[in-house]
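Note sheet for the following structure.
Only heavy atoms go into these numbers, but all of them, side chains included; no hydrogens, no water, no symmetry mates. Letters A, B, ... are given to chains in the order of the sequence lines, protein chains preceding strands, and every chain is numbered from 1.
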Amino acid sequence: MSKDLKKIKPATYLLPKEGGMRVPGLVIASEKLLEIDDLEEPLKQVRNVAYLPGILGYSVAMPDIHWGYGFPIGGVAATDAEEGVISPGGVGYDINCGVRLALIDIPFDSITAKNRKALLESIYKNVPSGVGKGHSKAKTLTNSDYEQLVKEGAKWSIDLGYGFSRDLEYMESYGVIAGGDAHYISTSAKDRGKDQLGSIGSGNHFVEIGKVDAIFLKDVAKEWDVFEGQTYVLIHSGSRGLGHQVCQDTLDEFVRKGYSENLPDKQLVSAPIKSDDGKAYFKAMAAAANFAFNNRQRILHEVRQSFNETLGIPFEEVRLLYDVCHNIAKFETHLIDGVEKKVCVHRKGATRSLGPKSKELNSLFQKTGQPVLVPGDMARASFLLVGLGNPLTFCSCCHGAGREMSRFKSSKFWKGKDPIRYMESQGVQVKASSIRTIVEEMPNAYKDGSLVVQAVEDANLAKQVARLKPFLVVKG
DNA sequence: ATGTGC
């Protein structure tokens, strides 16, 4: 454990100000996690982020923190919406990478082995996966498509028949980030994305089917119609090549214009929010975020298609519970030192976790708090939590289990072994276009997700509602 | 994360 961390509350540690830090760091973790993790590099990044002009409150780290480009992954930074900066590194390369959870009201155990196999094959066929993979069936996006979809978000796909208007009520920000403008993204970004709606990509992205295997918070589960044994679908993907290109284009331009000067790390490159360059990045980021909402909407549509084809389940019975962003910058109002302030919250590998009564939420979630979706690993578990709206972290929570082994180390570990057979021994059938992705993503490459969600629960960021056990997984 | 990187 880092000698600099001072415990101030349960599972909450202060990283005191030093050097040019404008605010202290705040690290959410348990003692056990602090033993497992080597936090030297990521904590340095937490300190670096605290140097940013206009940062308020704390430079926050979640218990799944690890090293990232400039900002740590699992980091939250809120900057003053008037006097602060906005930073592409605080959002990440995969703009609006996120997760959506849908529920099907049939017991997973009632699906026969033969039908499970058919379902997996069908999803693998209907949802393209892998690096650079697009959607061969889908219509290539035109400039006028782009103009609409980056402004409208998920509604654009729904109006074309890929889903139901009800779906929009069950998405963070109703499936749209205001301000998306196609004129602010490059031709190459549009070109890379033109056939990628409805594709998962590679790395830790996936489509997973399984069953709700434990309920921890009965009253909330009941409000959400979540029950033990229920079948679920969890989708994890983002803005694919388009978002990647938007991030790269902005970083190049910001560095060229000198915005990386006077920062402890050039990768923190950032422009004043009120400057033309800052506003241009926000519009491009919102455009990419809205592309990602459309992507997850199309993936859900294909999954509904597969449930219909193989099990005869009507499309609307694959019911969306929620869609969350975990790589995004958003303008929000938060209580800082007792005063309400408009801030730009950068969440990079962190999930919004608004509590009950939050005006932004639909009436159901105003009653309970918002669903917080935390994928774990391919075999053990993913988690469904409910937000508590803790102002210390700007109403943010963790986004995953976090790696324990590097991709390289994991590949080496599984060399000469049979990872597919191991997964089967854990009850999981995996299908991927690349065996490399599988060996890099094996469960033992990740921390135990239950330790991470326990830490955010102890720190009062969110509460566990249910545990989800995967059985069928499509990877890139 | 990524029409993956040296």
Contact class for [X] vs. all strands (heavy atom < 4.0 Å): base, sugar-phosphate, or nothing?
X: Gly203(A); value: sugar-phosphate
X: Gln196(A); value: sugar-phosphate
X: Gly241(A); value: sugar-phosphate

What is the distance from [atom1] of [X] to [atom2] of [N], rounded to the nearest Å?
X: Asp249(A); N: dT2(B); atom1: CG; atom2: P; result: 16 Å
X: Gln248(A); N: dG5(B); atom1: CD; atom2: P; result: 10 Å
X: Gln245(A); N: dT2(B); atom1: CD; atom2: C1'; result: 10 Å
X: Arg407(A); N: dT2(B); atom1: CZ; atom2: C1'; result: 9 Å
X: Tyr69(A); N: dT2(B); atom1: OH; atom2: P; result: 17 Å
X: Ile73(A); N: dT2(B); atom1: CD1; atom2: P; result: 13 Å
X: Tyr93(A); N: dG5(B); atom1: OH; atom2: P; result: 10 Å

Quiz item: Do you know which two heavy atoms are closest between Val473(A) and Met378(A), and how far apart they sit?
Solution: CG2-O, 3.9 Å
Practice problem: For Asp249(A), check salt bridge (Lys or Arg N to Asp or Glu O under 4.0 Å) against everything at least two apart and list the hits. | Solution: none
Quiz item: What residues, two or more places apart in sequence or in another chain, satisfy salt bridge (Lys or Arg N to Asp or Glu O under 4.0 Å) together with Lys125(A)?
Solution: Glu309(A)
Quiz item: Can the ring centres of Phe331(A) and Phe282(A) be said to be less than 6.0 Å apart?
Solution: yes
